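Okay, structure first, notes after.
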Amino acid sequence: MLKVGIVGLPNVGKSTLFNAILKREQALSANYPFATIDPNVGVVDVYDERLEKLAEIILKNTGVNPPKVYANIEFVDIAGLVAGASKGEGLGNQFLANIREVDMILHVVRDFSDTNIIREHSKDPDTDSEVINSELIIKDLESIEKQLKVKSNSSEILQKYYDHLNSGKLAIELRPHVDKIKYEEIIKPLFLLTDKEMVYVFNVDETDERLKSQNDQTFKDKPVIFINAKLESELSSLDPTDRKAYLFDLGIKEAGLDKIIKSAFHKLGLITFLTAGEKEVRAWEIKANTNAQNASGAIHTDFIKNFIKAEVITFDDYISCGSKLGAKDAGKLRLEGKEYIVKDGDVIEFKIGA
């Protein structure tokens, strides 16, 4: 399961965003620093309208309304970091350790004007983000230093990472410029905090025009998404129809949470294939460019060794033909072998041996 950590200074809106993501108040959202004293973890469905359409077809053809099982993302709300966290300031190293376990970081930055919310350690987006990044870099430097003392045969790549981090840059920026095998063997097992995909989330005023922007934007060479955490919390309590209408009235095309989820899938190179039947219709998340044999392992690991073939229909063909049988009759069902590269939205039935 994809695991995303939410980090930032205290009182920037992290827990409010977390509550909105889960559509329920699991995290304590309070107007004082360090309201979150334990990492809050929750799993949220990745809504996929394609499952709704597949379920409609199954119901029409069989009279059975199958349950819909969406792909999931696990979000971890990590307590507000402050300058010196790497040395134990604020709530200390325990929260930096929690970041090691995530696949991607949502770096929430305060850019709203509400003076009633205490500005704990916060100055401006540029300074605030540097504080967080610096603390992560410091911990990564410590990790590299330890390895340099014990792994002399790996000193070249370790020194390269040390020098890179020491210049104030994130480890992930160096990844394309080092040997892939050495990276996998030496660097990846270190779980460096800055060797993760990062997306900046600017928490802005509800009237901020940037909420309406549909253009891809960046901040410090990373993707940036503009949200209003309070608005997202309000939207989370509405049903999809009312939520869409509310956003339309505000002139906002897409909710911030939907942008965050899409960005997470994109940055981590994930896609979903679909299965459809009376038992359930379901989205399965896999890495892009995964072959059919390995993709079958998302359903059960035994499928990999017992894989025979895959019956594949594109989502659009499945819908237009009205059923699996209709797709087969129209010549739209394909039999694919283990090396077939699964595409996003493929509706698949795997044939597995004993």
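Since we're looking at a predicted model, the values are computed, not measured.
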Heavy-atom side-chain proximity of Lys267 to Pro223 below 4.5 angstrom: yes
Val281 with Ile299, same ILVMFWY side-chain cluster at under 4.5 Å: no
Heavy-atom side-chain contact between Leu9 and Arg110 under 4.5 Å: no
Under 3.5 Å side-chain donor-acceptor pair for Tyr183 and Asp195: yes
Hydrophobic cluster identity match, Ile78 and Val109, side-chain contacts under 4.5 Å: yes
Leu247 vs Glu254 side-chain heavy atoms within contact, under 4.5 Å: no
Shared hydrophobic cluster, Ile352 / Ile286 (ILVMFWY, side-chain heavy atoms < 4.5 Å): yes
Least distance between heavy atoms, Ser263 atom then Val199 atom: OG-CG2, 3.4 Å
Donor-acceptor pair, side chain of Asn203 and main chain of Ala229, under 3.5 angstrom: yes
Flag, side chain of Ser143 to backbone of Lys139, donor-acceptor distance under 3.5 Å: yes
Residue pair Tyr340 / Asp346, side-chain donor-acceptor N/O under 3.5 Å: yes
Heavy-atom pair with the smallest gap, counting every atom of Pro66 and Ala55: CD-O, 3.9 Å
Pairwise side-chain contact, Ile261 with Ile21, heavy-atom cut-off 4.5 Å (strictly under): no
Heavy-atom closest contact (Asn61 atom, Gly322 atom, distance): ND2-O, 3.0 Å
Donor on one side chain, acceptor on other, Arg50 and Thr272, under 3.5 Å: yes
Pairing of Lys220 and Asp126 as salt bridge, 4.0 angstrom limit: yes
Modelled atom types, side-chain donor and acceptor of Thr275 and Trp284, under 3.5 Å: yes
Any donor-acceptor N/O pair, Asp205 side chain to Ser113 backbone, under 3.5 Å: yes
Between CE on residue Met104 and CD1 on residue Ile73, distance to nearest 0.5 Å: 8.0 Å
Modelled atom types, side-chain donor and acceptor of Glu232 and Asn228, under 3.5 Å: no
Heavy-atom pair of closest approach, residues Tyr246 and Glu234: OH-OE1, 3.1 Å
Salt bridge (Lys or Arg N to Asp or Glu O under 4.0 Å) evaluation trace for Glu185 with Lys182: CA-CA 5 Å; Glu185 292 179 351; Lys182 289 184 178 179; over 6 Å; no
Arg210/Asp111 salt bridge by N-O under 4.0 Å criterion: yes
Nearest-0.5 Å distance that lies between atom CD1 in Ile271 and atom NE2 in His266: 13.5 Å
Ring centroid separation Phe75 to Phe18 under 6.0 Å: no
More than 12 heavy atoms of other groups within 6.0 Å of Lys146 NZ: no
Atom CZ of Phe315 with >12 non-hydrogen neighbours under 6.0 angstrom: yes
Residue Lys259 excluded, over 12 heavy atoms near NZ under 6.0 Å: yes
Modelled atom types, side-chain donor and acceptor of Thr127 and Asp124, under 3.5 Å: yes
N/O donor-acceptor pair under 3.5 Å between Arg100 side chain and Phe191 backbone: yes
Salt-bridge present (Asp329, Lys324; N to O < 4.0 Å): no
Ring centers of Phe273, Phe350 separated by less than 6.0 Å: yes
Heavy-atom side-chain contact between Asn291 and Lys338 under 4.5 Å: no
Approximate separation, where rounding is to 0.5 Å, of Leu141 CG and Leu136 CG: 11.0 Å
Reported OG1-to-CE distance for the pair Thr194 and Met198, which is rounded to 0.5 angstrom: 7.5 Å
Asp216 atom CG, over 12 foreign heavy atoms within 6.0 Å: no
SB check Lys188 Glu184 (cutoff 4.0 Å): yes
N/O donor-acceptor pair under 3.5 Å between Thr314 side chain and Asp317 backbone: yes
Heavy-atom check, side chain of Val102 versus side chain of Val4, under 4.5 Å: no
From CA spacing to verdict: salt bridge (Lys or Arg N to Asp or Glu O under 4.0 Å), Lys53, Glu56: CA-CA 5 Å; Lys53 295 181 179 180; Glu56 289 174 6; over 6 Å; no
Verify same cluster id: Val12, Phe219 (apolar side-chain graph, 4.5 Å): yes
Cationic N near anionic O, under 4.0 Å, Glu101 to Lys3: yes
Atom pair CD1/CD1 of Ile319 and Ile313 - distance to nearest 0.5 Å: 10.0 Å
Side-chain donor or acceptor of Lys151 paired with backbone N/O of Lys149 under 3.5 Å: no
Gln293 side-chain N/O to Ile304 backbone N/O, donor-acceptor pair under 3.5 Å: yes
Asp179 side chain near Ile157 side chain, heavy-atom distance below 4.5 Å: no
Donor-acceptor pair, side chain of Asp45 and main chain of Tyr70, under 3.5 angstrom: no
Aromatic ring pairing His107/Tyr200, orientation class (parallel under 30°, perpendicular over 60°, tilted between): tilted
Shared hydrophobic cluster for Leu193 and Val108 (ILVMFWY, side-chain gaps under 4.5 Å): yes
Basic-acidic side-chain contact under 4.0 Å: Glu349, Lys351: yes
Test item: side-chain donor near acceptor, Asp77 and Ser15, under 3.5 Å: yes
Side-chain heavy atoms of Asn289 within contact of Val342, under 4.5 Å: no
Euclidean distance, Ile308 CD1 relative to Leu335 CG, rounded to 0.5 Å: 11.5 Å
Residues Lys123, Asp128: salt bridge by 4.0 Å N-O rule: no
Lys/Arg N to Asp/Glu carboxylate O, Glu197 vs Lys222, below 4.0 Å: no
